[in-house]
Amino acid sequence: MDISFIITLFLIGFIGSFISGMLGIGGAIINFPMLLYIPAMLGVGHFTAHEVSGITAIQVFFATIGGVLAYRKGGFLNKKLIAYMGISILLGSFIGGFGSTHMPESGINLVYGILALIAVVMIVVPKKGIDDIPLEHVIFNKWLAALFAFFVGIGAGIVGAGGAFLLVPIMLVVLKIPTRMTIASSLAITFISSIGAVSGKIMTGQVAILPSLIMVVASLIASPLGANAGKKVNTKVLQIIMGILILATAVKTWMTIL
């Protein structure tokens with residue numbers, strides 16, 4: 001592995017983790033296509049879809065730790081929401097992560113494309129009035145939250161994601177959780193989810209160690225920076241940024257599939 005490959009991986013990890021900390025996502029929605037296409041496009045290296053899903057699983061695990069630590073103060077973490085969705089998504093992500101070893105690369109890319117497409121549709125749905133709800137008065141359907149989290153976990157485990165790119169739209173649109181609480185809580189839920197995904201990937205030998213370590217270093221530096229930046233950005237702007245990112249990656253993935 002030469003220095004240009006290492007620098008490329010670090011920059012991919014840094015950019016993905018900064019955005020993940022700012023938007024409350026693990027970063028896989030950004031890092032998966034970047035790892036799959038950018039090193040090969042620059043001629044510095046190449047990863048298979050299985051390798052990318054393993055690397056992103058490790059990266060998401062560490063990126064979300066940094067984000068949660070940055071949001072631990074301020075009352076943004078909804079512990080009840082984290083518990084219900086976290087346990088369900090952990091079970092789902094372990095099933096997806098373990099089962100993905102039996103899937104062809106085209107299957108992993110297809111799952112990623114479908115998840116991204118669903119997220120795009122949900123992120124553009126109007127979300128009126130959710131940020132007017134005081135954080136201490138937030139209520140939600142616990143069993144509906146758990147059910148959604150389980151199915152998101154299965155899909156996210158397959159592609160090595162934490163699932164936050166789908167969790168965030170679900171929390172905003174279906175559960176009516178305020179934006180900043182959604183961002184903070186989704187980071188914690190995604191951290192729990194990534195435990196299952198990482199376990200499944202490691203047990204099935206899908207993790208490239210050195211590239212994963214480079215991404216981890218970048219994540220630990222960039223994720224807290226992104227989380228602190230996210231606290232200062234208007235919630236509508238955060239939603240727009242997320243929508244653009246998810247749409248761009250969905251379009252690129254479907255262009256490859258088709």
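We use all heavy atoms of the structure for the numbers below, so side chains are in, but hydrogens, waters and symmetry mates are not. Bear in mind that the values here come from a model prediction, so they are computed numbers and not experimental data.
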Check whether [X] reaches the backbone of [Y] with its side chain - one donor and one acceptor, N or O, closer than 3.5 Å.
X: Ser185; Y: Asn78; result: yes
X: Ser93; Y: Gly153; result: no
X: Thr190; Y: Ser186; result: yes
X: Ser88; Y: Met85; result: no

(request) Taking ring-ring contact (aromatic ring centres under 6.0 Å, His included) as the test, write out the residues that go with Tyr84, two or more places apart. (result)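 Expected list: Trp143.
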(message) Is any side-chain heavy atom of Met171 closer than 4.5 Å to one of Leu81?
(response) yes
(message) With side-chain contact (heavy atoms from CB on, under 4.5 Å) as the test, pick out the partner of Phe148 among Ile170, Ile89, Leu175.
(response)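 Exactly one option meets the side-chain contact (heavy atoms from CB on, under 4.5 Å) with Phe148, and it is Ile170.
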(request) Have a look at Asn31 and tell me which of Val52, Thr56, Leu9 forms a side-chain contact (heavy atoms from CB on, under 4.5 Å) with it. (result) Thr56
(message) By the side-chain hydrogen bond (donor to acceptor under 3.5 Å, both in side chains) test, which pairs, at least two apart or in different chains, include something from residues 163-174?
(response) none
(request) Could you list all the ring pair (Phe, Tyr, Trp, His ring centres under 6.0 Å) pairs where at least one residue sits in residues 184-203, not counting sequence neighbours? (result) Phe61-Phe191
(message) Run the side-chain hydrogen bond (donor to acceptor under 3.5 Å, both in side chains) test on Ser17 and Gln59 for me, step by step, so that the C-alpha distance in whole Å, both residues' side-chain angles and the decisive distance to 0.1 Å come before the verdict.
(response) CA-CA 8 Å; Ser17 297; Gln59 181 269 328; 2.8 Å; yes
(request) Work out which heavy atom in Met203 is nearest to a heavy atom in Phe94; give both atom names and the distance. (result)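 Answer, listing the atom of Met203 first, then Phe94: SD-CE1, 4.0 Å.
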